[in-house]
Asks: 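After the structure tokens below, expect a handful of questions from me.
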Amino acid sequence: MGEDVAKHEFTREDRTRYRTKVRRCLDVFARMLREARFDFERPMTGLEIEINLIDEHGDPAMKNHEALQVIDDPDFVTELGQWNIEINVAPRRLAGGGITSFEETVRRSLNKAEEKAREIGAHMVINGILPTLRSKHVTPDQLSSNPRYALLNEQVLAARGEDLQISIDGVERLHLTASSIVPEAACTSTQLHLQVSPEQFPAYWNAAQAIAGVQVAVGANSPFFLGKELWRETRIALFQQATDTRGDELKAQGVRPRVWFGERWINSIFDLFEENVRYFPALLPICEEEDPLAVLDHGDTPALSELKLHNGTIYRWNRPVYDVVRDRPHLRVENRVLPAGPTIVDTLANGALYFGLVRALAEDERPLWSQMSFQAAEENFNAASRNGMDAQMYWPGVGTVPVVELVLRRLLPLAHEGLIRWGVDSAERDRLLGVIEQRCLTGVNGATWQAREFHRHYDHTHLDRADALRTMLRSYVELMHANEPVHTWPLSS
């Protein structure tokens, strides 16, 4: 939900008007898919990274407003919690050094932003969940000051009608009752965008869904929340529960969650937008003046603002995106499964694996999703979230195998082939996919390193749990700034 919104009260008439307008947008979108010329001849990729702010001790720094003021860069924007900001990186093509260009741009921007943030006693850390968060940090008064977050919080809780219940059973167990959606702010992610044509979209979305479990397993970086060691990618369970508008009765009735893996392979991007309208009531029924049908009939490109806003309040792990740039409509797959970090080189290695695999699988003569049930893809995703590098996964033609074996034997060659088709040169491919290969050979990703470093301090020294997590995080930040991939990180002596 990236749009600024200000209205705080909605009437029944607002909701009726919005429902009508969204359906009108959906009809116009269907017509555009048949008639319009979408921009896809030179497909662009995009990158967003959510960032945590910490103080000198490693505790959350509730200073995102002040940080954005001193950073003074439009690429950095606010996020849900006062300890969050986000960097949006200008889109570019993958060919001709595009992935390395992403890496260099993000490193340069983050280093400059870190220097500025130090002026107010804040430092940046990129990981899936800040391990030093405590219950006192995830309270309603830690919501960012931007009005859209307060409005979203009000509407989620109003739809639910009761406090949120967060229960995660992993290495340890956590049960939390929350009176706001602020626990969601603990979830900091990397988002990869891929522009495709309407005809290509279903193959790329299906491919992204099929490999979501693999992405999470090798990229997991969120083993702690509120001092507890939970899942290897705890962010997945936390995000699902922290925005759940369903009470127990609605869950029992089979009502879909707003954080959703989905339930079937698709044949068109229209399937996803139509599901949005069919299954999910509006959280933010804000109508614009535009008549999308009149705009289209006039030969112009409609913004479809209501359809976009509604889509922005349904948190698919692979989200469809409609957007307009320079009066040309385009479509994107927004991949949202990955945590932030541990380093920029790790982030771009994760991106190389994703972009390579989806290209190879989307163009395969025999689609993977014709050989694999959607339920199997979701089970892979859940297993990866719980177990990370130790996950077992089902794959057609292979059966159920350790994910590291699947990646090393089957998927890395496919990712290389896909990157070749994108025009990525051999040195870039070898360097970044080599990071993934070494993670699998060593069994070390961000989650395993954090857990091992924490236990080294907590199990073998006098430090209590909170201090062991702070000490681990300080080592993490130092190594993060060196930008050496996480599988090479040492454990402290």
Side-chain angles (χ1 to χ4, degrees), residues 127-131 133 165-176 183-184 186-190 208-244 251 257 259-263 315-318 335-342 346 350 353-354 372-395 398-407 411 436 439-440 442-455 469 486-487:
N127 61 359
I129 294 177
L130 191 62
L133 282 169
Q165 302 294 325
I166 296 171
S167 183
I168 304 174
D169 189 358
V171 177
E172 299 175 289
R173 299 182 67 182
L174 172 75
H175 184 76
L176 172 71
E184 180 201 333
C187 306
T188 42
S189 66
T190 297
Q209 291 288 101
I211 66 168
V214 172
Q215 286 183 272
V216 170
V218 300
N221 195 30
S222 311
F224 297 100
F225 179 55
L226 300 188
K228 299 287 186 72
E229 184 179 357
L230 301 168
W231 292 7
R232 284 300 178 247
E233 191 50 38
T234 304
R235 182 183 124 266
I236 300 298
L238 179 57
F239 192 52
Q240 288 171 337
Q241 297 180 40
T243 54
D244 200 341
K251 292 178 186 178
V259 178
W260 198 28
F261 190 81
E263 59 192 19
Y315 305 97
R316 296 177 186 271
W317 294 110
N318 285 290
N335 179 255
R336 302 162 51 83
V337 307
L338 289 166
D346 282 301
N350 291 338
L353 180 68
Y354 169 74
M372 178 182 186
S373 72
F374 195 88
Q375 183 182 5
E378 185 172 15
E379 289 172 353
N380 285 348
F381 182 67
N382 292 331
S385 304
R386 286 180 175 273
N387 303 315
M389 301 286 277
D390 294 325
Q392 299 275 327
M393 292 200 178
Y394 171 78
W395 200 258
V398 178
T400 300
V401 295
V403 66
V404 293
E405 179 182 329
L406 174 64
V407 173
L411 300 187
I436 303 299
R439 271 193 229 155
C440 291
T442 61
V444 176
N445 59 13
T448 55
W449 185 91
Q450 287 189 58
R452 290 175 188 179
E453 180 75 356
F454 163 74
H455 283 291
L469 286 168
V486 71
H487 70 266

Asks: Would you call R439 and D346 a salt bridge, taking side-chain N to carboxylate O under 4.0 Å as the test?
Replies: yes
Asks: Are Q450 and N221 close enough that a side-chain donor and a side-chain acceptor fall under 3.5 Å?
Replies: yes
Asks: Passes side chain to side chain contact (heavy atoms under 4.5 Å, CB included), L176 versus Q165? Steps please.
Replies: CA-CA 6 Å; L176 172 71; Q165 302 294 325; over 6 Å; no
Asks: How long is the straight-line distance from NE2 of H175 back to OG of S167, given to the nearest 0.5 Å?
Replies: 6.0 Å
Asks: Spell out, as yes or no, whether a donor-acceptor pair under 3.5 Å connects the side chain of K228 to the backbone of E172.
Replies: no
Asks: Determine the minimum heavy-atom distance between P342 and G446, stating which atoms define it.
Replies: CG-CA, 3.7 Å
Asks: Would V407 and V214 satisfy side chain to side chain contact (heavy atoms under 4.5 Å, CB included), going step by step from the backbone distance to the final call?
Replies: CA-CA 8 Å; V407 173; V214 172; 3.7 Å; yes
Asks: What's the separation between atom CG in N380 and atom CD in Q215, rounded to the nearest 0.5 Å?
Replies: 12.5 Å
Asks: Provide the closest heavy-atom pair for A210 versus A377 in the form atom of the first, atom of the second, distance.
Replies: CA-CB, 4.3 Å
Asks: Start with the C-alpha distance between Y354 and I211, add both sets of side-chain angles, then the distance that settles side chain to side chain contact (heavy atoms under 4.5 Å, CB included), and finish with yes or no.
Replies: CA-CA 8 Å; Y354 169 74; I211 66 168; 3.9 Å; yes
Asks: Can you classify the ring geometry of F224 versus F454 as parallel (below 30°), tilted (30 to 60°) or perpendicular (above 60°)?
Replies: perpendicular
Asks: For the pair E233 (side chain) and A220 (backbone), establish whether a donor and an acceptor sit closer than 3.5 Å, ignoring hydrogens and angles.
Replies: no
Asks: Where do C187 and F239 come nearest, in terms of heavy atoms and distance?
Replies: SG-N, 3.7 Å
Asks: Given F381 and W317, is the ring pair (Phe, Tyr, Trp, His ring centres under 6.0 Å) satisfied, shown in steps?
Replies: CA-CA 10 Å; F381 182 67; W317 294 110; 5.6 Å; yes
Asks: Between N350 and G341, what is the shortest heavy-atom contact and its length?
Replies: ND2-O, 4.2 Å
Asks: Given side chain to side chain contact (heavy atoms under 4.5 Å, CB included), test N318 with F261 step by step and report yes or no.
Replies: CA-CA 8 Å; N318 285 290; F261 190 81; 5.7 Å; no
Asks: Once rounded to the nearest 0.5 Å, what's the spacing between atom CG of N387 and atom CZ of R232?
Replies: 8.5 Å
Asks: Hey, what do you get for CZ (R336) to CZ (R235), rounding to the nearest 0.5 Å?
Replies: 8.5 Å
Asks: Measure the shortest side-chain to side-chain distance between L338 and V216 over non-hydrogen atoms and say whether it is less than 4.5 angstrom.
Replies: no
Asks: Mind checking the OG-CG spacing from S189 to N335? Nearest 0.5 Å is all I need.
Replies: 9.5 Å
Asks: Using atom types as modelled and distance alone, determine if a side-chain donor or acceptor of T188 lies under 3.5 Å from a backbone N or O of N127.
Replies: yes
Asks: Considering all heavy atoms of both residues, which atom of P223 and which atom of A447 are nearest to each other, and what is their separation?
Replies: CG-O, 3.8 Å
Asks: Closer than 3.5 angstrom, by distance alone: can the side chain of N445 be matched with the main-chain N or O of T448 as a donor-acceptor pair?
Replies: yes
Asks: Where is the tightest heavy-atom contact between A212 and V337, given as atom of each residue plus distance?
Replies: CB-CG1, 4.1 Å
Asks: Counting only heavy atoms not in Q375, do more than 12 fall under 6.0 Å of its CD?
Replies: no
Asks: Determine whether L230 and V171 make a side-chain contact, defined as any pair of heavy atoms from C-beta on separated by less than 4.5 Å.
Replies: no
Asks: How long is the gap from OG on S385 to CD1 on I168, to the nearest 0.5 Å?
Replies: 10.5 Å
